[in-house]
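Ligands are counted one by one from 1 in listed order, and the atoms in each one are counted from 1 as well.
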Amino acid sequence: MSAAVLKAVNLVKIYSGGALPVPAVRGVDLEVEEGEFVAIMGPSGSGKSTLVHMLGGLDTRTSGEIWLDGKRVDTLSESAWALLRREKVGFVFQFFNLVANMTVADNVELPALLAGISPKEARERRESLLAALNLGDRADAAPAQLSGGEQQRVALARALANKPSVLLADEPTGNLDSRNTRDVLRLLGEVHKQGQTIVMVTHDARVASLADRLVSLFDGQIVDDGRIARRRTGTAREVIDLR
Ligand SMILES: Nc1ncnc2c1ncn2[C@@H]1O[C@H](COP(=O)(O)OP(=O)(O)OP(=O)(O)O)[C@@H](O)[C@H]1O
Ligand SMILES: [Mg+2]
């Protein structure tokens, strides 16, 4: 038995809405082991977002298989997958997708409650995540009252609230300044150390260097997949010097 948390087998996505079909992902095979931190890089249009959206069930596949925690998910009904996703997947996007008319606290607690975590535990988890991200005093604020970097940290807390089997992140530091990028990366590094499996799309090699493994996409195909060498003694802070 493989310990793959997430697996894609010959995964294909062809967008067929327009005049010409667009092959965005062309036969991707990928296995992500429990606790791995995988960075996905590649030029604009190479299929990175399409791939992670499919892996999390936010976009339908054209063909191929997707497995999550040993269970085939691409053949589930949409509603069955939506339920499973609430329990097992956390998402962070480049733009934060926070619910505007809910407080920061409710934005973070909601996914935990939807995943069936008890209200007490959801509150405790929210408190510890917001504290870890230096947002403890902003719990009652509305997203619009926060800076971009603060909103992105809330989005990350929200994605982690349901203790997902896998955290999928699409350019989570894409529009942050270097200080906010450091905060987000520090938390990613910390949750990774605690065993969180992470798949992160990034265009920034310094950000990718936080990961254990780098997958390169080109024209919808994996062209390189390897471990990232780093000084064993290096902390994330030393490896990524963002100043
Ligand atoms: N909804 C859509 N309909 C049609 N084509 C799409 C759609 N979404 C993406 N594409 C196309 O699929 C290809 C892959 O897009 P995708 O967004 O996955 O790339 P990406 O690697 O994430 O790029 P970027 O680095 O710019 O975010 C591109 O050619 C894009 O134009
Ligand atoms: Mg993209």
Side-chain angles (χ1 to χ4, degrees), residues 6-32 36-68 73-74 78 81-82 85 89-98 148-149 151-156 158-160 164 166-178 180-181 184-185 187-188 197-226 228 240 242:
L6 187 63
K7 184 165 81 161
V9 183
N10 200 11
L11 194 60
V12 172
K13 175 70 178 184
I14 301 171
Y15 288 106
S16 51
L20 285 175
V22 179
V25 171
R26 303 188 300 150
V28 161
D29 291 305
L30 182 67
E31 274 196 41
V32 179
E36 241 185 334
F37 186 167
V38 179
I40 299 181
M41 297 190 79
S44 181
S46 56
K48 306 180 296 294
S49 295
T50 304
L51 176 61
V52 293
H53 285 189
M54 280 194 290
L55 292 176
L58 297 184
D59 206 346
T60 57
R61 84 215 189 293
T62 302
S63 63
E65 299 173 10
I66 301 168
W67 296 73
L68 183 60
V73 292
D74 59 273
E78 214 165 288
W81 197 355
R85 189 160 63 224
V89 182
F91 269 110
V92 202
F93 301 94
Q94 179 169 358
F95 302 100
F96 327 115
N97 308 87
L98 296 173
Q151 289 186 45
Q152 184 62 311
R153 281 179 283 153
V154 174
L156 182 55
R158 181 190 53 180
L160 292 166
V166 60
L167 176 72
L168 300 173
D170 192 358
E171 309 224 14
T173 58
N175 52 5
L176 299 183
D177 64 18
S178 63
N180 283 308
T181 297
V184 166
L185 293 178
L187 184 72
L188 285 176
T197 309
I198 303 172
V199 176
M200 175 183 70
V201 171
T202 181
H203 62 272
D204 188 331
R206 294 170 305 172
V207 172
S209 72
L210 194 66
D212 308 318
R213 176 178 162 198
L214 176 61
V215 169
S216 301
L217 274 191
F218 190 82
D219 266 355
Q221 290 181 312
I222 293 179
V223 290
D224 201 17
D225 183 350
I228 296 177
I240 301 177
L242 286 159

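With waters left out, the protein N, O or S atoms under 2.8 Å from the Mg ion (ligand 2) add up to 1.
Here the heavy atom of the protein found nearest to atom 17 (O) of ligand 1 is S49 CB, 3.8 Å. Among all non-hydrogen protein atoms, the one lying nearest atom 12 (O) of ligand 1 is A24 CB, 3.3 Å. Among protein heavy atoms, the minimum distance from atom 1 (N) of ligand 1 is reached at Y15 CE2, 3.6 Å. Protein heavy atom nearest atom 26 (O) of ligand 1, with residue, atom name and distance: S44 OG, 2.6 Å. Atom 14 (C) of ligand 1 has its closest protein heavy atom at G45 O, 3.4 Å. Annotation: atom 25 (O) of ligand 1 to nearest protein heavy atom, K48 NZ, 2.7 Å. The protein non-hydrogen atom at the shortest distance from atom 11 (C) of ligand 1 is V22 CG1, 3.9 Å.
For ligand 1, the atoms lying closer than 4.0 Å to a non-hydrogen atom of T50 are 14 (C), 15 (O), 16 (P), 18 (O). Short contacts between ligand 1 and P43, defined as distances under 4.0 Å to a heavy atom of the residue, involve ligand atoms 21 (O). Per-residue contacts place S46 under 4.0 angstrom from the following atoms of ligand 1 (heavy atoms of the residue considered): 19 (O), 21 (O).
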query: Could you go step by step and tell me if V207 and M200 meet the side chain to side chain contact (heavy atoms under 4.5 Å, CB included) rule?
result: CA-CA 9 Å; V207 172; M200 175 183 70; 3.5 Å; yes
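Between G42 and ligand 1, a contact under 3.5 Å exists for no N or O pair.
Qualifying side chain to side chain contact (heavy atoms under 4.5 Å, CB included) partners for E171, counting only residues two or more places apart in sequence or in other chains: K48, Q94, V201, H203.
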